[in-house]
Amino acid sequence: MNERKMILGDVWNLPREVSEVTGKDPGTFLQFNTHMVTFYQQTYGELSRFFLALRDGRLIGSHCGTCKQVMVPAATWHCPTCDFAEMTEVDLPHRGVLAATAPITIFPSASFIGDAPFARGYVDVATDAPIASFLPSRLRTTTGLPRPGIFVKGVELKPVFEDVRIGSIRDIFWVPMSEVPAKLRDKKPLLASALNFETPPAPAVERSTAGAKALKDALAAMKTLAGKIDKSPRAQKDLSGRTHAIGIKTGGGNFTLHVASSAIRIEMGLPKKPDFVMVAKDPAIFTRWVADGSLTDAAVEGNLWLPHKEAFGILPILDRLPRSVRRDVK
Amino acid sequence: MNKVAIVGAGITDCRSRWVEATYWDLFQRATRRTLEDAKITAAEVDSVVYGIYNDIFEHQAIPESALTGMIGMNLKPGTRVTSGGATGFYAMRTAIMEVASGVSDTVLCIGGEKATDCYDPQSKSATPMVIDTIAKSWDPFFEYPLGATAADSYMQMCMGYNDQYPNDIGDSVVRAKIIEMLCRQGNKNPFGQRRDETVTVEQVLASRWIIAPFLRLLEACMYTEGAAGVLFASEKKAREISERTGVPPIWVKGVGAANESYQAGRGGSYKPLHSIVSDRVAAERAYKMAGVKPSDIQLVELHDAFIAQFMITMGEMGFVPLGKTRTLVDDGIMADIRELGDTKRPKKGQLLLNPSGGLIFGGHFVGGSNMFSMWSARREMIKRQMPLALIHGTGAINAVFGGALIVELEDGGVR
């Protein structure tokens, strides 16, 4: 039997207590744990038609016969610019165009921790209409994590419907049409199970002499860091309870970053059973990481390829290590 | 419309968290300082307008009800204004209209916020919960479920602008240079939250990403706890108070406001993604009412939620061309506070922008941030003898709420 998902998990709760707190001014002050939570059974009301259509695998908009605009999603059935004239339902095509380059969220709000990085953007669906609103949309790629250069203004997109739909805007998302096999491009609805998001192909990386030299430097830097971690309680705490074998392909060669027993170990070559494989054309990003740089930034900027968000979640922990070592040396 | 003047202003210390004070106390402190500045008692105030962004941060529905007696406004009319990030601007607009209509002679406009008592048990920190609360400015049907936040809505605007005008706000070094300059200005604000910090271009460029590719941590405004007040008065009352304090009145010359549609789209009345039309229209309305042009104004306190948006807004308000807002740095249009010191006016063709340090270095307690900007503009006008200033406010998702106030120093400076 499927586990029933609740709105709030245990992690959202706090013990009922009053604690002492200090601030900028002298003295001790008190703070109490409390909450301001309201639960809803929120009606979709007039929006229900749009969400019922989504459940049926259709996209609909509301059309005004006077000004010819199409509202996507169908957010009202009375045209706000034509004295609230009655609007009619129109079926929308299963393709659209990204209206503006999409931002990629790295630091999300509390409700979306664990989902980052993710892209959200506005899709122009009713492209034949002279006036149209844009559909707020989740944007996904079959090529790994979202990164700059994929969701740019004007890119053609295909809506993908979740196999199980409940009547939510998260029942659909959009992928670049170029990532959809030709035989599926006209499919209505295209289901998520028809595409592969779980095992994106790693990009090829060409080896070079410069890359080999950069890798040599990076390996030396990382081995030095590994030695310092062995003497740093803060860094060991960062790694506590973690075991990973991360394969890394670079333009200078491949290596493995092992995390185990609150330590890291570097080994040449890829592991037989990696947790995941990262790809970096330039191995120097690992030298910069050790010098207080950021693997997270490298991934965000598209210089470090990752297959999924679970891999992305490990990067902040690795990014903390050089800082933790430095703080313990101080 | 009757003449309206600013005759007093006061703010609290801006802090990341005030464990020493509730919002009751913060509002009372700001009220006390505002009235002390104008040398009047609470009894002389006719009416109060509260700027309070939301009930969740204050953790009380109708939070202004608890303030009435606490700030000496018992049995006086009180109006609470809430308009997203532009709450402070709209609260001041409401107070100005009350005086301009002749209904009241003296109106206290007081705003503040206590946001960082919020707590996220997952990360064991305040910020994700503060972001989540603000993210609920989005609707629960289409936008919030996608993980939309206020910051990413502003960044969507910036990316739309960048699509339209490449090679302007996309240069991270230009953005970082503006931040370095704002930091120096923030160092001079005795109440500023980050007055003791030094932030360099290099630090900005090395700070972690919040939203790629236009928002690093050091490019964003802060969450601040604090409060600020501004006292508005009729002409007769303003002259009487000015006589008492020896401080010249600052006259309200222009008020412009415009809110765009919530829905983004193409054509019609939809919100365009490449432009902050609300800022442009609000500023144009304020210029028209004041009878001035952007080139007449050399002092601006701009609602800099994010530095890329700061640049776009400067373009929208007509201070620099759209698509060439980087000229603020490239052409030295943004005056360097190291050259101006504490009393000099900027040279012709230069602008003094956010001498308070803005919302990035000074403070951003949403309900009162624009009053904080007004406090700073008044202070600078008096000490530098600058005749005109523009105070800007923006808010709501996608920056769809816009407001601009133009004020003039009586007998101040040389035109």
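Since the model is a prediction, treat every value here as computed from it, not as a measurement. A, B, ... follow the sequence lines: proteins, then strands. Residue 1 opens every chain.
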- Query: Okay, side chain of B:His59, backbone of A:Thr34: is any donor-acceptor separation there less than 3.5 Å?
  - Reply: no
- Task: Return yes if a side-chain donor-acceptor contact under 3.5 Å exists between A:Gln69 and B:Arg266, otherwise no.
- Result: no
- Interchain contact, B:Ser207 with chain A, by part (heavy-atom threshold 4.5 Å): backbone
- Note on the structure: Here the gap from B:Thr149 atom OG1 to A:Arg120 atom CZ, rounded to the nearest 0.5 Å, amounts to 7.0 Å
- Excluding sequence neighbours, so at least two apart, what forms ring-ring contact (aromatic ring centres under 6.0 Å, His included) with B:Tyr119? none
- Query: Is the backbone N or O of A:Pro136 less than 3.5 Å from a side-chain atom of B:Glu143, with the two atoms forming a donor-acceptor pair by type?
  - Reply: no
- Item | Per-residue contact mode, B:Ala148 against chain A (heavy atom under 4.5 angstrom) | both
- Item | Option from A:Ile106, A:Ile104, A:Thr105 for which side chain to side chain contact (heavy atoms under 4.5 Å, CB included) with B:Trp209 holds | A:Ile106
- Item | Distance, nearest 0.5 Å, that separates CG of B:Leu273 from CZ of A:Phe134 | 5.5 Å
- Query: Which residues from residues 292-302 of chain A are near chain B, with near meaning under 4.5 Å between non-hydrogen atoms?
  - Reply: A:Asp297, A:Val300, A:Glu301
- With A:Glu20, which residues qualify under side-chain contact (heavy atoms from CB on, under 4.5 Å), at least two apart? A:Thr28, A:Leu30
- Can you check whether A:Met71 reaches B:Tyr270 side chain to side chain, under 4.5 Å on heavy atoms? yes
- Message: Counting only non-hydrogen atoms closer than 4.5 Å, can you tell me which residues of residues 213-224 of chain B sit against chain A?
- Response: B:Arg216
- Message: Given heavy-atom pairs under 4.5 angstrom as the criterion, report whether the side chain, backbone, both or neither of B:Gln122 touches chain A.
- Response: both
- Is any NZ, NE, NH1 or NH2 atom of the basic residue among B:Asp13 and A:Lys24 found under 4.0 Å from an Asp or Glu carboxylate oxygen of the other? yes
- Item | Trace of the ring pair (Phe, Tyr, Trp, His ring centres under 6.0 Å) decision for A:Phe51 with B:Phe142 | CA-CA 10 Å; A:Phe51 289 101; B:Phe142 301 109; 5.3 Å; yes
- Query: Considering only heavy atoms from C-beta outward, does the side chain of B:Pro128 approach that of A:Ile113 to under 4.5 Å?
  - Reply: yes
